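The structure appears right after this line, and notes come after that.
Everything numeric here is computed off the predicted structure, so don't read it as measured data. The sequence lines fix the lettering, A, B, ..., with proteins before strands; numbering per chain opens at 1.
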Amino acid sequence: DAKTTQPNSMESNEEEPVHLPCNHSTISGTDYIHWYRQLPSQGPEYVIHGLTSNVNNRMASLAIAEDRKSSTLILHRATLRDAAVYYCILRRLVRTSYDKVIFGPGTSLSVIP
Amino acid sequence: NAGVTQTPKFRVLKTGQSMTLLCAQDMNHEYMYWYRQDPGMGLRLIHYSVGEGTTAKGEVPDGYNVSRLKKQNFLLGLESAAPSQTSVYFCASSYSKVGGDSPLHFGNGTRLTVT
């Protein structure tokens, strides 16, 4: 199973950009990079995903390294509501009977007012 | 559109009792997953299913069984509950036609305590 590694915790000041890194050195060519976040006492929620090119949506941006061995989730202006645990995971591109989606411990983001 | 619904939300069991957690999704998703989350830890995959009538083991399957008799439902069973199964359980589902190019949708969790 392809694995990801993330820092255990990070801090950011409110209204400043946040860059959350993820390493996935064993990524295969058929793996999508997904990001989820989990607010306290809630289920994880989808943030963004991508394959090779950088991606933007209303929540965040995803920057993917050219060799795809790492990626960065970018929150452009952190708010107190962005304090959460952020998970970076890999999912297979093709439809397959093998889709063992494994989560790591994630990065706990604290936002300082 | 309810998304992914988990029942019950809370449950307390005595050691040795059995129970079934229900996950229902109304998005016509083929892939469904059961995870457990312990304090201060990430999600660990228990079992998953890639379609009606199929199930597979995840990272921590021991002590749990699952069934996917209908596409919209994924049941997680504990035949003889143990205190080590005290946890928060999350169900997730995903559209499968495009493989990994689709997000996981999670339920709000079931908090289980085994005394």
State whether the number of non-hydrogen atoms from other residues, nucleotides or ligands found under 6.0 Å of [X] atom [atom1] is greater than 12.
X: B:N108; atom1: CG; answer: no
X: A:E11; atom1: CD; answer: no
X: B:E79; atom1: CD; answer: no

State yes or no: do [X] and [Y] share one hydrophobic cluster built from I, L, V, M, F, W and Y residues joined by side-chain heavy-atom distances below 4.5 Å, directly or via other members?
X: B:V50; Y: B:V66; result: no
X: B:V88; Y: B:L22; result: no
X: B:F74; Y: B:Y95; result: no
X: B:L75; Y: B:M32; result: no
X: B:I46; Y: B:Y31; result: no

Contacts with chain B made by residues 64-89 of chain A (heavy-atom distance under 4.5 Å), listed by residue number: A:Y87, A:I89
Interface residue of largest heavy-atom contact number with chain A, from B:G51, B:P103, B:G42, under 4.5 Å: B:P103
Sub-4.5 Å side-chain heavy-atom contact between [X] and [Y]:
X: B:F106; Y: A:Y36; result: yes
X: A:Q42; Y: B:F90; result: no
X: B:L104; Y: A:H34; result: no
X: A:P44; Y: B:L43; result: yes
X: B:Q37; Y: A:Q38; result: yes

I need the [X] [atom1] to [Y] [atom2] distance, nearest 0.5 Å.
X: A:I102; Y: B:Y33; atom1: CD1; atom2: OH; answer: 10.0 Å
X: B:S102; Y: A:R91; atom1: OG; atom2: CZ; answer: 4.5 Å
X: A:F103; Y: B:R44; atom1: CZ; atom2: CZ; answer: 14.0 Å

Residue B:Q6 versus chain A: region with a heavy atom under 4.5 Å: neither
